[in-house]
Undergrad: 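Pasting a structure here, questions to come.
In what follows, every heavy atom counts, from backbone to side chain, and hydrogens, waters and symmetry copies are set aside. A note on names: the letters A, B, ... follow the listed sequences, proteins ahead of strands, and every chain is numbered from 1.
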Amino acid sequence: MLTTRPRGTNDILPGETEKWHYVEKVLREICMEFDYQEIRFPIFEHTELFQRGVGETTDIVEKEMYTFLDRGQRSITLRPEGTASTVRAYLEHKLYALPQPVKMYYIGPMFRYERPQAGRYRQFHQFGVEVFGSFDPAIDAEVIALAMNFYHRLGLKGLELRLNSVGCPNCRPKHRETLQSFLEKDLHRLCRDCQGRYERNPLRILDCKNNQCREITAGAPTVLGSLCPECREHFEAVKEYLDEAGIRYLIDDRLVRGLDYYTKTAFEIIVNEIGAQSAICGGGRYDGLVESLGGPPIPGVGFALGMERIFPALESQGISIPLENQLDVYVIALGKAADRKAFQILLNLRLEGIKADKDYLRRSLKAQLKTAHRHNVKYALIFGENELEKGTVILRFMETSKQKEMPVDEALDLIRKQMDKKIKM
RNA sequence: GUGGAUGUGGCGAAGCGGUUAACGCACCGGAUUGUGGCUCCGGCACCCGAGGGUUCAAAUCCCUUCAUCCACCCCA
């Protein structure tokens with residue numbers, strides 16, 4: 001136990017963190033271009049925020065939250081998603097007083113108590129964006145474009161954007177009723193889960209994977225069919241913006257997001273390479289959420305995407321991430337006195353921005369050269385007792401196995417020049 | 001929460017009741033004096049996830065437990 005990480009958590013080790021950095025860099029770049037600013041909110045919040053914000057009937061709240069009492073007997077929950085916190089911060093700091101819309105993004109760990117599986121962990125990382133204060137369908141499209149743009153930049157292919165509208169408090173009750181009366185006669189034939197959903201959230205029956213349920217719901221009335229004029233118009237406009245932007249999508253009138261707060265636009269991005277978890281991004285509009293958390297009636301749109309699901313997708317598509325952690329110089333010393341000198345030179349190289357390292361195990365020249373080789377370094381600087389006396393150093397070109405003894409300054413100059421050249425290329 | 005698979009050194013992987021637990025990779029050291037990548041040699045598991053049991057004898061059989069993976073549910 002002592003040396004085992006908690007179930008469903010992961011160590012991201014050296015060699016892997018570089019990949020994360022790259023993906024995060026791409027995300028931040030895009031956000032800058034799209035004019036979204038980062039928000040950082042707490043890892044834990046008052047439990048009530050998620051109960052109210054995510055929805056009492058959702059799986060997250062019912063069975064997946066990491067909830068505990070702190071020493072002051074307050075109920076605290078590790079954040080299972082980012083939207084609720086973003087809304088809370090927006091209200092707490094009265095960001096509605098700013099020019100609207102307010103466009104924000106976040107990136108960081110989320111926590112859900114679930115059985116781990118391919119692409120699903122108890123601590124996982126999400127990047128998400130939230131936009132407050134605009135009803136404009138164009139902002140729905142912008143948010144979707146941002147996500148698609150990101151995946152394209154990484155080089156991912158075969159993405160599928162699924163689009164739906166789940167209506168609003170005006171049209172949803174009507175649809176709910178027609179759906180319930182459609183299902184009523186077959187209620188007993190539905191799977192157990194769906195029988196439970198019938199009252200609580202009949203919309204989700206449409207999303208059930210059970211064969212018999214699918215059969216029963218085959219001709220069920222769709223949400224799209226009973227949208228009110230306003231929702232219909234909004235949906236059409238979102239589609240037009242996407243068409244205009246050349247973003248292809250698939251209408252999926254069965255797409256229901258698992259969280260209670262969605263209205264109108266709902267979307268998911270799917271890629272078939274990460275086991276059973278094919279959704280890499282999900283989001284939509286939540287026009288009622290801000291108000292339901294005690295704020296003014298301010299609309300919102302956003303999405304969240306799972307970082308962990310990106311990497312297996314990239315890998316199975318043979319996309320490698322460009323890494324730039326290449327060491328430039330390896331400094332080798334033989335003997336105590338030379339080692340002192342080598343250490344000083346090493347530090348100076350680094351001050352000049354040259355990536356350099358040395359041996360710290362007092363190993364033989366042979367072993368040190370081996371290490372230099374392993375680092376795939378271009379230059380090795382070799383200091384021995386002889387060179388130390390003469391004030392020289394051996395500059396070895398690892399690729400050609402050629403080397404030359406010269407004054408220390410001369411060798412450093414040579415390396416500097418080579419590095420400059422590299423930067424210019 | 002349910003179901004299936006798996007658990008042998010850092011990694012991959014043999015062994016499936018009987019002396020000192022193969023092998024490959026990685027790692028470390030060496031092959032005459034201060035030199036890498038190839039080759040050769042050597043080193044690296046008081047122990048087979050943990051606990052208990054059966055047996056003269058278990059990594060190998062049984063039970064329990066834990067963990068990992070995959071799937072269901074649901075989601076990112």
Side-chain angles (χ1 to χ4, degrees), chain A residues 1-10 13 54 57-64 79-83 106-128 147 191-194 196-197 201 204 207-211 213 255-259 267-271 274-283 302-313 330 332-335 338 359 361 363-388 394-403 405:
Chain A
M1 281 302 271
L2 193 58
T3 53
T4 314
R5 62 189 192 277
R7 169 166 239 193
T9 63
N10 283 112
L13 298 174
V54 178
T57 66
T58 58
D59 278 13
I60 291 179
V61 171
E62 280 182 352
K63 51 185 196 191
E64 294 173 1
R79 63 188 192 194
E81 56 103 59
T83 303
Y106 58 83
I107 182 165
M110 303 294 166
F111 306 84
R112 273 136 70 170
Y113 189 90
E114 296 181 271
R115 287 284 289 263
Q117 188 183 328
R120 163 189 296 162
Y121 307 97
R122 289 185 175 181
Q123 173 174 344
F124 60 104
H125 297 77
Q126 283 189 331
F127 163 85
C191 71
R192 188 172 295 170
D193 284 339
C194 283
R197 287 171 182 147
N201 195 348
R204 267 202 259 170
D207 204 32
C208 185
K209 275 110 197 160
N210 179 296
N211 281 334
C213 293
L255 176 65
V256 180
R257 313 256 56 245
L259 286 60
F267 71 93
E268 248 176 36
I269 300 171
I270 310 285
V271 68
I274 34 179
Q277 264 57 49
S278 55
I280 51 176
C281 176
F303 70 76
L305 63 84
M307 302 283 287
E308 279 83 354
R309 291 183 183 178
I310 294 169
F311 300 105
Y330 199 73
I332 294 174
L334 302 162
D359 166 78
L361 294 174
R363 285 195 284 207
S364 66
L365 169 62
K366 185 187 196 141
Q368 294 190 56
L369 269 167
K370 211 174 187 174
T371 307
H373 176 75
R374 218 195 323 270
H375 278 298
N376 201 11
V377 99
K378 238 188 173 116
Y379 311 100
L381 273 179
I382 307 173
F383 289 95
E385 305 292 347
N386 300 338
E387 289 77 18
L388 191 64
I394 295 171
L395 176 59
R396 184 176 177 84
F397 303 88
M398 297 301 285
E399 284 157 343
T400 58
S401 294
K402 290 196 174 121
Q403 62 183 40
E405 185 173 347

Undergrad: Taking A22(B) as the reference, what is the distance to A67(B) when you measure between their P atoms (whole Å, please)?
TA: 31 Å
Undergrad: Grab the two heavy atoms, one from Val61(A) and one from Val54(A), that are nearest each other, plus how far apart they are.
TA: CG2-CB, 4.0 Å
Undergrad: Answer with base, sugar-phosphate or nothing: what part of the nucleic acid does Gly128(A) contact at a heavy-atom distance below 4.0 Å?
TA: nothing
Undergrad: How far does CZ of Arg120(A) sit from CD of Glu308(A), to the nearest 0.5 angstrom?
TA: 12.5 Å
Undergrad: Provide, to the nearest angstrom, the distance between the CG atom belonging to Leu365(A) and the P atom belonging to U35(B).
TA: 6 Å
Undergrad: I'd like the C1' distance from G9(B) over to C44(B), given in whole Å.
TA: 8 Å
Undergrad: Nearest heavy-atom pair of Cys281(A) and Leu305(A): which atoms, and what distance?
TA: CB-CB, 3.9 Å
Undergrad: Please report the shortest heavy-atom distance between Arg122(A) and Pro116(A), naming the atom on each side.
TA: NE-CD, 4.2 Å
Undergrad: Going from CD on Gln126(A) to CZ on Arg309(A), what distance comes out if it is rounded to the nearest 0.5 angstrom?
TA: 9.0 Å
Undergrad: Quick check for you: among U35(B), A76(B), G37(B), whose closest atom lies nearest to any side-chain atom of His373(A)?
TA: G37(B)
Undergrad: Rounded to the nearest Å, what distance is computed from the CG atom of residue Leu13(A) to the C1' atom of nucleotide G10(B)?
TA: 12 Å
Undergrad: What pairs with Glu62(A) under salt bridge (charged side-chain N to carboxylate O under 4.0 Å, His left out), at least two apart in sequence or on another chain?
TA: Arg200(A)
Undergrad: Could you write out each protein N or O paired with an N or O of nucleotides 1-3 of chain B at a distance under 3.5 Å?
TA:
from: U2(B); atom 1: O4; to: Arg115(A); atom 2: NH1; distance (Å): 3.1
from: U2(B); atom 1: O4; to: Arg115(A); atom 2: NH2; distance (Å): 3.4
from: G3(B); atom 1: O6; to: Arg115(A); atom 2: NH2; distance (Å): 3.3

Undergrad: In chain order, what residues pass the side-chain hydrogen bond (donor to acceptor under 3.5 Å, both in side chains) check against Glu405(A), with sequence neighbours excluded?
TA: Lys390(A), Thr392(A)
Undergrad: Expressed as a whole number of Å, how far does the C1' atom of A57(B) sit from that of C23(B)?
TA: 27 Å
Undergrad: Working to the nearest 0.5 angstrom, can you tell me the gap between Tyr379(A) OH and Leu395(A) CG?
TA: 7.5 Å
Undergrad: Rounded to whole Å, please give me the gap between CZ in Arg5(A) and P in U68(B).
TA: 7 Å
Undergrad: N/O contacts under 3.5 Å, protein versus nucleotides 42-45 of chain B?
TA:
none

Undergrad: Starting at atom CZ of Arg122(A), determine the distance to atom C1' of A67(B), rounded to an integer number of angstrom.
TA: 12 Å
Undergrad: Working to the nearest 0.5 angstrom, can you tell me the gap between Gln368(A) CD and Arg363(A) CZ?
TA: 7.5 Å
Undergrad: Could you give the CZ-to-P distance, from Arg309(A) to C75(B), as a whole number of Å?
TA: 11 Å
Undergrad: Check every strand shown and say whether Glu62(A) touches a base, only sugar-phosphate, or nothing at a heavy-atom separation below 4.0 Å.
TA: nothing
Undergrad: Students often get this wrong, so: under 4.0 angstrom with heavy atoms, is Ala372(A) touching a base, only sugar-phosphate, or nothing?
TA: nothing
Undergrad: Can you measure from CG (Leu255(A)) to CD1 (Ile270(A)) and round to the nearest 0.5 angstrom?
TA: 8.0 Å
Undergrad: G51(B) and G15(B): how far apart are their P atoms, nearest whole angstrom?
TA: 25 Å
Undergrad: Report the residue (Ile280(A) or Thr9(A)) whose heavy-atom-nearest nucleotide on RNA chain B is the more 5′ of the two.
TA: Thr9(A)
Undergrad: Which one of Lys378(A), His375(A), His373(A), Gln403(A) satisfies the side-chain contact (heavy atoms from CB on, under 4.5 Å) criterion with Met398(A)?
TA: His373(A)
Undergrad: So what does Phe127(A) hit on the nucleic acid, given a heavy-atom distance under 4.0 Å: a base, only sugar-phosphate, or nothing?
TA: nothing
Undergrad: Please state the P separation for the pair C66(B) and A50(B) - nearest whole angstrom.
TA: 15 Å
Undergrad: Would you mind reading off the distance between Met307(A) atom CE and A76(B) atom C1', rounded to a whole angstrom?
TA: 11 Å
Undergrad: Can you give me the closest heavy-atom contact between Val271(A) and Ala313(A), atom names plus distance?
TA: CG1-CB, 4.1 Å
Undergrad: Any idea how Phe267(A) and Phe303(A) line up, ring-wise: parallel (<30°), tilted (30 to 60°), or perpendicular (>60°)?
TA: perpendicular
Undergrad: Drop me the distance from Arg374(A)'s CZ to Tyr330(A)'s OH, to the nearest 0.5 angstrom.
TA: 9.0 Å
Undergrad: Given C69(B), A76(B), U35(B), which nucleotide is nearest the side-chain atoms of Pro116(A)?
TA: C69(B)
Undergrad: Quote, to the nearest angstrom, the C1' distance that separates A58(B) from G18(B).
TA: 9 Å
Undergrad: Provide, to the nearest angstrom, the distance between the CD atom belonging to Glu399(A) and the C1' atom belonging to G37(B).
TA: 12 Å
Undergrad: Hey, which sits more toward the 5' end of RNA chain B by its nearest nucleotide, Ile394(A) or Asn10(A)?
TA: Ile394(A)
Undergrad: Taking Watson-Crick and G-U wobble pairs with both distances under 3.5 Å, convert RNA chain B into its dot-bracket string, 5' to 3', dots for unpaired and | for cross-strand pairs.
TA: ((((((((.[[[..)..(....]]].(((((.......))))).....[[[[[..)....]]]]])))))))....
Undergrad: Between G37(B) atom P and Ile332(A) atom CD1, what is the distance in whole Å?
TA: 13 Å
Undergrad: Does the protein touch nucleotides 25-30 of chain B at the base, only the backbone, or not at all? Give it as B, S and - per nucleotide, heavy atoms under 4.0 Å.
TA: --SSSS
Undergrad: On a plain distance test, is the side chain of Gln117(A) in donor-acceptor contact with the base of C73(B) below 3.5 Å?
TA: yes
Undergrad: Please report the shortest heavy-atom distance between Glu385(A) and Gly335(A), naming the atom on each side.
TA: OE2-CA, 3.3 Å
Undergrad: Taking any heavy-atom pair under 4.0 Å as a contact, classify Met398(A): base, sugar-phosphate, or nothing.
TA: base
Undergrad: Assess whether atom CZ of Phe311(A) is packed by more than 12 heavy atoms of other residues, nucleotides or ligands within 6.0 Å.
TA: yes
Undergrad: Going by modelled atom types, is there a donor-acceptor pair between the base of U68(B) and the side chain of Arg7(A) at under 3.5 Å?
TA: no
Undergrad: Can you find a donor-acceptor pair, distance only, under 3.5 Å between Gln403(A) side chain and U35(B) base?
TA: yes
Undergrad: Provide the distance between the two C1' atoms, one in C72(B) and one in U65(B), to the nearest whole Å.
TA: 24 Å
Undergrad: Give me the distance, rounded to whole Å, that separates A14(B) from U8(B) when you measure between the P atoms they each carry.
TA: 11 Å
